[in-house]
Amino acid sequence: FAVAVMVYKLLTNKYPFKSDIFNDKPGENFVGHPKMLAIRHKLREYKVDWSHTAFSKHSQAADLLRSMLASRAEERPTAREALQHPWLQGPPTPSSQASPPSPPSTSS
């Protein structure tokens, strides 16, 4: 989740969530605190803006970040799954598109 927030910020120069969602005070930011439950609820309801040009140019990025920003942890990809996403694989290299070389000729 945190990595997706950082990547979203790097791509768009803004955060995916408004800062007023995170209105906890020191001592309230631990799992199980009522303030954290309220923030989690706000995150579930919040609609991230996917209209930035970065996402129209890189739809695969939007696809990966959407999955990584899922409000329920069990719906997010594991680190291994995220690293295998097509957006992180990059474009095919010319060598990966080429057919295997022909065996050498054995003519005498």
Side-chain angles (χ1 to χ4, degrees):
F1 188 89
V3 171
V5 170
M6 292 186 299
V7 173
Y8 186 101
K9 170 74 167 142
L10 289 169
L11 291 173
T12 66
N13 202 32
K14 62 182 182 175
Y15 290 102
F17 306 104
K18 291 185 178 180
S19 61
D20 62 352
I21 286 178
F22 306 98
N23 59 354
D24 54 309
K25 295 179 176 45
E28 296 177 336
N29 56 354
F30 60 89
V31 175
H33 190 280
K35 189 58 100 169
M36 290 294 100
L37 297 174
I39 290 172
R40 185 173 289 154
H41 177 73
K42 289 178 194 176
L43 287 172
R44 280 192 201 119
E45 300 298 317
Y46 193 84
K47 302 295 180 207
V48 174
D49 179 12
W50 298 104
S51 65
H52 194 277
T53 57
F55 301 125
S56 60
K57 290 179 183 176
H58 305 282
S59 60
Q60 294 276 349
D63 179 65
L64 175 60
L65 294 180
R66 271 190 189 97
S67 68
M68 292 174 70
L69 288 172
S71 60
R72 296 180 181 273
E74 61 272 6
E75 294 173 358
R76 293 181 211 135
T78 64
R80 183 178 309 272
E81 291 167 341
L83 289 170
Q84 292 173 353
H85 189 276
W87 184 58
L88 296 178
Q89 299 303 308
T93 59
S95 62
S96 70
Q97 293 177 342
S99 56
S102 302
S105 172
T106 57
S107 60
S108 353

Query - Where Ala82 and Pro77 come nearest, the two heavy atoms and their spacing - result: N-CB, 4.0 Å
Query raised in the report: Looking only at heavy atoms, what is the nearest atom pair of Glu28 and Met36, with distance?
Result: O-CG, 3.5 Å
Report summary line: dist Ser71:OG -> Lys42:NZ (nearest 0.5 Å) comes out at 15.0 Å
Report summary line: Note: Asn23 and Asp20 closest approach over all heavy atoms is CB-O, 3.9 Å
Query raised in the report: So how far is it from Gln84 CD to Glu81 CD, rounded to the nearest 0.5 Å?
Result: 7.5 Å
Please tabulate, one pair per line, all N/O donor-acceptor pairs under 3.5 Å involving side-chain atoms of residues 51-70, not counting sequence neighbours.
unit_1: Ser51; atom_1: OG; unit_2: Asp49; atom_2: OD1; d: 2.5
unit_1: Ser51; atom_1: OG; unit_2: Asp49; atom_2: OD2; d: 3.4
unit_1: His52; atom_1: ND1; unit_2: Ala54; atom_2: N; d: 2.9
unit_1: Ser56; atom_1: OG; unit_2: Thr53; atom_2: O; d: 2.9
unit_1: Asp63; atom_1: OD2; unit_2: His85; atom_2: NE2; d: 2.7
unit_1: Ser67; atom_1: OG; unit_2: Leu64; atom_2: O; d: 2.7

Requested in this report: Is it possible for you to say whether Tyr46 and Leu37 belong to one hydrophobic cluster, with membership spreading through side-chain heavy-atom contacts below 4.5 Å?
Outcome: no
Query raised in the report: Is there a path of hydrophobic side-chain contacts, each under 4.5 Å between heavy atoms of I, L, V, M, F, W or Y residues, that connects Val31 with Ile21?
Result: no
Report task. Answer with yes or no whether the hydrophobic clustering places Val48 together with Leu10; edges join I, L, V, M, F, W, Y residues whose side-chain heavy atoms lie under 4.5 Å apart. Result -> no
**Report entry** Counterpart residues, side-chain contact (heavy atoms from CB on, under 4.5 Å), relative to Phe22 (two or more places apart)
**Finding:** Phe17, Asp24, Ile39, Leu43
Query - Enclosure of Arg44 CZ (heavy-atom neighbours >12, cutoff 6.0 Å) - result: yes
Report task. Could you tell me which non-hydrogen atom of His33 sits nearest to which non-hydrogen atom of Lys35, and how far apart they are? Result -> ND1-N, 2.9 Å
